[in-house]
Amino acid sequence: PTPPYLKWAESLHSLLDDQDGIHLFRTFLKQEECGDLLDFWFACSGFRKLEANEGNEEKKVKLAKAIYKKYILDNNGIVSRQIKPATKSFIKDCVMKLHIDPAMFDQAQTEIQTMMEDNTYPLFLKSDIYLEYT
Amino acid sequence: MDSEDDLLQKCITSAMPKQR
C-alpha cells in the first residue's frame, strides 16, 4: 500500500484528509507564521457542516461572529490579507445583518485554499519538515 | 454556553478527519 506521506504529495485535499498530514502541515505553517490559514479553512468547513436545527441558530450566529472577528476583521491578519475586499465586505454584511448562511464563508475558504495550493502547499512538500518525515 | 474561542476550536476540530 502507498504510505500516507506519499499520498500527501498528490493534492492538498489528500494531505488535509489525513490526521498526521494535517499535524505536520500545521507545524510547518506555524513555523512560517501562517497557521491561521489552516485553522480558518477548517473553521469554514465546520461552520458549513453545522446542522440547521433551531437550537443551533444562536450558536451559528455566535460562531459566524467569532470566525469573522478572529480571521477577517483585522486587515493585517494573514487570512484577511489573502481574502479579496469584496469577499470580506460580503461576510461583514452577513454578520452585521445576521444573514447567517451555511455557505457564507465558502468564497473566502476557496480563496484561502487557492492560496495554499499555489503557495504554502508546494513549499511544504519541499520543506525540511516534510523531507525529514519521509 | 461556550466562549467564542471554545466554540471556534470545536468547530475546527469537527471538520477534521477522525482517523485514517
Side-chain angles (χ1 to χ4, degrees), chain A residues 1-8 12-26 29 35-51 55-73 79 95 100 102 104-106 109 112-113, chain B:
Chain A
T2 318
Y5 58 81
L6 288 181
K7 283 209 157 260
W8 302 347
L12 181 64
H13 272 282
S14 315
L15 177 68
L16 299 184
D17 215 22
D18 185 89
Q19 272 184 341
D20 295 338
I22 294 167
H23 180 75
L24 203 67
F25 190 42
R26 165 171 283 131
L29 290 175
D36 275 0
L37 293 175
L38 194 60
D39 287 344
F40 176 73
W41 191 89
F42 278 114
C44 294
S45 297
F47 182 79
R48 195 170 41 239
K49 277 166 54 177
L50 275 186
E51 282 178 40
N56 256 352
E57 221 39 55
E58 194 185 344
K59 190 174 163 187
K60 270 194 208 167
V61 171
K62 200 171 169 183
L63 187 56
K65 282 184 180 168
I67 296 175
Y68 173 69
K69 246 168 68 184
K70 177 153 176 139
Y71 299 108
I72 295 168
L73 187 59
V79 173
V95 171
I100 305 302
M104 64 184 276
F105 292 106
D106 284 9
Q109 186 185 28
I112 292 302
Q113 185 180 313
Chain B
M1 196 80 174
D2 291 328
S3 76
E4 279 189 3
D5 271 352
D6 288 342
L7 203 60
L8 197 53
Q9 201 49 54
K10 277 185 193 167
C11 172
I12 291 170
T13 313
S14 76
M16 291 191 180
K18 297 288 174 268
Q19 58 191 34
R20 193 174 296 151

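Not measured: the values here are computed from a predicted model. Each chain gets a letter, A, B and so on, in the order its sequence line appears, and its residues count up from 1.
- Looking only at distances, no side-chain donor or acceptor of Glu4(B) sits under 3.5 Å from a matching main-chain atom of Lys62(A).
- Annotation: side chain of Ile22(A) is in contact with side chain of Pro17(B) (closest heavy-atom distance under 4.5 Å).
- The heavy-atom pair separating Ser14(B) from Gly46(A) by the smallest distance is OG-CA, 3.8 Å.
- Distance check: Phe42(A) CZ to Cys11(B) SG gives 11.0 Å after rounding to the nearest 0.5 Å.
- Interatomic distance, CD1 of Ile67(A) versus CD1 of Ile12(B), reported as 8.0 Å (0.5 Å rounding).
- Judged as a salt bridge (charged side-chain N to carboxylate O under 4.0 Å, His left out), and not counting sequence neighbours, the contacts of Lys10(B) are Asp2(B).
- Around atom NZ of Lys49(A), more than 12 heavy atoms belonging to other residues, nucleotides or ligands sit under 6.0 Å away.
- Residue contact with chain B, scored on non-hydrogen atoms closer than 4.5 Å, involves the backbone of Leu16(A) exclusively.
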